[in-house]
Number of protein chains: 2
Amino acid sequence: MVLTYLMDTPAVRSDPTSDEERAIVREALPTHGSLDFRVIELFFFAYREFTGDADSILLRYGFGRAHHRVLHFVNRDPGLTIAELLDILQITKQSLSRVLRQLLDENFICQVPGDEDRRQRRLYPTEKGRALTVELSEAQNRRIEAALAKTSDEDMRPIAAFLKAMASDRASAREWFARKDISWSDSE
Amino acid sequence: MVLTYLMDTPAVRSDPTSDEERAIVREALPTHGSLDFRVIELFFFAYREFTGDADSILLRYGFGRAHHRVLHFVNRDPGLTIAELLDILQITKQSLSRVLRQLLDENFICQVPGDEDRRQRRLYPTEKGRALTVELSEAQNRRIEAALAKTSDEDMRPIAAFLKAMASDRASAREWFARKDISWSDSE
DNA sequence: CAAATTACGTCAATGGTGCTGACCTATCTT
DNA sequence: AAGATAGGTCAGCACCATTGACGTAATTTG
């Protein structure tokens, strides 16, 4: 092709996109077929509303989701160490530090040196931290209970099994479920 | 009290936390009782793995979750306008702009002026954008299919109903589900 | 006992994703 | 001609995550 220099796509260009790859696509990806988008989209929208319930409360305290996650697991497993918390949250020590600093400074959480190993800083909620955690959980539980209002115990089993199967790749999650008895088959 | 000035909690202080609120709590919040933490935690861990599948692919392209969401909905509904996209994503025009700019510059998406209203910039995927979207969806679908491997069509109904009930507060989500036939009761 | 390891804290820099407010063009409507 | 609408963009800010490097105290190990 001779007139290349007149075009906006020079023969030798930094962008390796071929004309074929640039070709416009007008057909929508169908909802189900070889790929099924139903659960993908249900999950996306559902989780957004689920976190939104807590977000609006956290806003009043000047906190974000990261604070919520720390508060949650410290309240669900008081006395856990920093290392254990990092393992559950799957974040780095540096990511945790600022968030935890705020929660400590504002007396939602406190640290206690470990009994056997005094290097550890075991984390406990204060009454204030407990109260906020309960408030946040109640908000999320309201949505869950409303969504499950017409669900029989029978129908609860596949729902829990699905979520558990989605979650159980990571050892830290599997261990949490086992330790806290997160199941339906035997507990209800 | 006279010796107030010797204490770390002065009689008049900026921090309004009372000694009662500071009190340490050593009991764990129980898994179920008046509050049920099972679905809350299953949902948290499940969604983290779900998004993680796509995140590792996006990393290779220098993209994040915001790029994925835009790609997803443009591929699922080609020709949608900026306003429609903002309504579905529930973000601001300014938040979208950076992400969309990159996708346009790198030829994953392209804009076409509307036929009737030429102010509109209708969004379409390119072949390249379509290919990436399919790759991302396939990764997420693998996890979903594995999680549903032992699930009967019978058991699929309560799972979908639960997610749909969790998600359907917002009109934009309800309309999406209706328009794209996101359901199980009649389609399977 | 000295050395290595572990548990945790922190400083500095960076990136992704969201926000508000302000201001701009182009186009459509009235 | 005036106003409303669709969209773009700039500047600044907040939050949450990252990596890398360095420091301290306590425990473990040779």
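Not measured: the values here are computed from a predicted model. Numbered from 1 within each chain, the chains take letters A, B, ... in sequence-line order.
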By nearest-nucleotide position on DNA chain C, the 5'-leaning member of B:R98 and B:Q94 is B:R98
With distance as the sole test, does [X] use its side chain to make a donor-acceptor pair with the main-chain N or O of [Y] at under 3.5 Å?
X: B:K128; Y: B:E106; value: yes
X: B:R122; Y: B:Q111; value: no
X: B:R22; Y: A:T126; value: no
X: B:R143; Y: B:A46; value: no

Exercise for the section: Describe the nucleic acid contact of A:H67 in one word from base, sugar-phosphate, nothing, applying a heavy-atom distance below 4.0 Å. Expected result: sugar-phosphate
May I ask you to say what B:R69 touches in the nucleic acid, namely base, sugar-phosphate or nothing, with a heavy-atom cut-off under 4.0 Å? sugar-phosphate
Any luck finding a side-chain donor-acceptor pair between A:Q90 and A:R170 under 3.5 Å?
-> yes
key: Distance-only polar pair, side chains of B:T31 and A:R76, donor-acceptor under 3.5 Å   = yes
Members of [range] that approach DNA chain D, where some heavy atom sits under 4.0 Å away:
range: residues 111-119 of chain A; answer: A:E116, A:D117, A:R118, A:R119
range: residues 80-93 of chain A; answer: A:Q90, A:I91, A:T92
range: residues 54-62 of chain B; answer: none

Quick one: which of [options] gets closest to the side chain of [X]?
X: A:A66; options: D:dC16, C:dA12, C:dG18; answer: D:dC16
X: B:S95; options: C:dC19, D:dC16, C:dT17; answer: C:dC19
X: B:R101; options: D:dT9, C:dC19, C:dA12; answer: D:dT9

Distance in angstrom units between [X] [atom1] and [N] [atom2], rounded:
X: A:Q120; N: D:dT28; atom1: CD; atom2: C1'; value: 14 Å
X: B:R48; N: D:dA17; atom1: CZ; atom2: P; value: 11 Å
X: B:R65; N: D:dA17; atom1: CZ; atom2: C1'; value: 10 Å
X: A:L71; N: D:dC16; atom1: CG; atom2: C1'; value: 16 Å
X: B:L100; N: C:dG16; atom1: CG; atom2: P; value: 16 Å

Here the pair of heavy atoms bringing A:R48 nearest to B:S172 is NH2-OG, 4.5 Å
Note to self: I'd like to know if B:R121 reaches the base of C:dA26 with its side chain such that a donor and an acceptor end up less than 3.5 angstrom apart.
What the structure shows: no
Per side-chain contact (heavy atoms from CB on, under 4.5 Å), A:P125 is matched among A:L103, A:L71, A:N75 by A:N75
Rounded to the nearest 0.5 angstrom, the CD1-CZ distance for A:I182 and B:F45 is 8.5 Å
Quick check, are the ring centers of A:F43 and A:F37 under 6.0 angstrom apart?
-> no
Classify the ring geometry of B:Y47 against B:F50: parallel below 30°, tilted from 30° to 60°, perpendicular beyond 60°.
tilted
Quiz item: Can you hop from A:Y124 to B:V25 via hydrophobic side chains spaced under 4.5 Å?
Solution: no
